A.B. asks: 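Here it is, the structure in full.
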Amino acid sequence: MPALLELTAEAVTIPMQSPFESARRRSTEAENVHVRVRLADGTEGRGEASPAPYVTGEDVAAVVEAVPVAAAALRGLDAARVGQWSTALAEALPRHPTARSAVEMALLDALTRAWGVPLWVYFGGARTEVRTDLTIPIASPGLAGRLAAAAADQGYRALKIKVGGPDLDEDHARVLAVAAAAPHASIRLDANQAFDAPQALAFVRTCLARGVAVEIIEQPVPADDWEGLAAVTRESPVPVIADETVIDAAAALRVAATGAAHGVNIKVAKAGLLGALRIVTIARAASLKLMLGCMLETTLGMSASLALACGAGCFDYLDLDAHTLIGQQPNGVPFHQDGERLWVRESAPGLGFDR
Ligand SMILES: [Mg+2]
């Protein structure tokens, strides 16, 4: 099989359609890195990194600087020997999970393109279609309600609301406005580490008492507050999903062993595609709920997450919406979408792009 010849990175800045705010950051543009790989037979592959410094410690500059290190470590290795190059990649970049994820994505794209195999088939081919939620950012209740009504019109049946903003009353008002505007939607809450355990429990209970169909709460407490996370999980009336707390398989194993959460939110930008598969295995063995989320990827990075979601076919909750919040996409359409429905281009090799 073809050897790896060339690996390059390019920083890209893509405006968001409107500012996107969570408890941890306010984004007006996606600052990503696009990675290209070329194999000795000429096959090319693409990957995308969407670094979130508050999650992995990497920014765009760190990812751009890391890719040549990976290139030097991987040059000449056989693209088909995934177990060999992925080990070399982990050794070359032990503290750059998001950079690794983009290199891995590009290599798996190139490899499966060289084979003529779609990536979603490589990952198991469990299904061809999934449905995602849509995220409502920290915004005024009025705007949040309008966004929710528009999403309901498009057919979204699950909405994820960012909470943990500067004003707790406004958090509640935002949730109520979304629930009123989309009365049939199930509501997912994401606090992005903003609460302590009593605050999180009080927030969920108040929402439920006001008739809001809360389905889950994601990352209620700071990432390193394992005690607090476990305390919320023990008493929460809805499943608690760990996101920032779980950036790799070891953390997922700790959740499984301690019962600190009911489930984990996997992201390609945290664990990479191969690391995500390891977390899937741990979570399924431990009967943890599985969520697949995203950072601020365009359709390029999202196509990898969709391949994983369809290939593995085992996610309870999907939050693959960032590309719909970003104005400009890379050339080519790697998958299909109609509102909440996402489906793969069934026979397109690799990530699904034509070239
Ligand atoms: Mg989250």
Side-chain angles (χ1 to χ4, degrees), residues 16 20-27 30 49-58 97-98 101 132-139 144 147 156 158-165 171 174-175 178 186-197 199-200 203-204 207 214-226 228-229 232-233 236 238-248 251-252 255 260-272 275-276 279-280 283 288-297 301-302 305 308-309 315-326:
M16 308 288 292
F20 186 85
E21 188 168 337
S22 74
R24 299 299 297 197
R25 61 175 176 174
R26 182 177 191 274
S27 305
S50 184
Y54 75 95
V55 179
T56 71
E58 298 161 273
T98 302
S101 77
T132 179
D133 61 29
L134 187 72
T135 305
I136 309 291
I138 290 180
L147 292 171
Y156 282 92
L159 298 174
K160 168 167 148 170
I161 309 174
K162 293 292 195 184
V163 297
D171 274 344
R174 181 180 323 108
V175 173
V178 168
S186 43
I187 302 295
R188 302 169 180 174
L189 303 175
D190 186 357
N192 287 107
Q193 319 181 48
F195 295 141
D196 61 24
Q199 285 171 333
F203 194 90
V204 171
C207 290
V214 178
E215 188 182 16
I216 55 171
I217 181 164
E218 208 182 311
Q219 196 64 46
V221 298
D224 58 1
D225 183 8
W226 286 83
L229 186 64
V232 179
T233 298
S236 175
V238 302
V240 176
I241 307 296
D243 180 356
E244 289 94 322
T245 292
V246 175
I247 61 166
D248 57 18
V255 169
H262 298 100
V264 294
N265 183 353
I266 297 175
K267 293 176 182 173
V268 170
K270 294 189 292 184
I279 297 176
V280 164
L288 292 174
K289 299 275 189 193
L290 269 171
M291 183 170 194
L292 184 63
C294 58
M295 296 297 186
L296 294 176
E297 293 90 348
M302 208 59 69
S305 294
L308 179 67
F315 291 94
D316 301 289
Y317 319 104
L318 287 179
D319 176 35
L320 302 181
D321 60 354
H323 62 291
T324 65
L325 311 172
I326 291 171

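Just so you know, ligand 1 is whichever comes first in the structure, and atom 1 is the first atom listed for that ligand. The model shown is predicted, which means the values in this text are computed figures rather than measured ones.
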A.B. asks: Could you tell me whether Lys160 and Glu218 make a salt bridge, using a distance below 4.0 angstrom between a side-chain N and a carboxylate O?
C.D. replies: yes

A.B. asks: Rounded to the nearest 0.5 Å, what's the gap from CG on Asp133 to CZ on Arg188? Could you check?
C.D. replies: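 Answer rounded to 0.5 Å: 4.5 Å.
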
A.B. asks: Just to be careful: counting only protein atoms that are N, O or S, how many fall under 2.8 Å of the Mg ion (ligand 1)?
C.D. replies: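 That number is 3, waters not included.
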
A.B. asks: Verify, without hydrogens or angle tests, whether Asp196 (side chain) and Gln199 (backbone) share a donor-acceptor contact under 3.5 angstrom.
C.D. replies: yes

A.B. asks: Determine whether Gln219 and Asn265 satisfy the following criterion, side chain to side chain donor-acceptor pair (under 3.5 Å), listing intermediate values before the conclusion.
C.D. replies: CA-CA 9 Å; Gln219 196 64 46; Asn265 183 353; over 6 Å; no

A.B. asks: The test is side chain to side chain donor-acceptor pair (under 3.5 Å); show your working for Thr135 and Asp321 and say whether it passes.
C.D. replies: CA-CA 7 Å; Thr135 305; Asp321 60 354; 2.7 Å; yes

A.B. asks: Could you tell me which non-hydrogen atom of Thr98 sits nearest to which non-hydrogen atom of Glu58, and how far apart they are?
C.D. replies: N-OE1, 2.8 Å

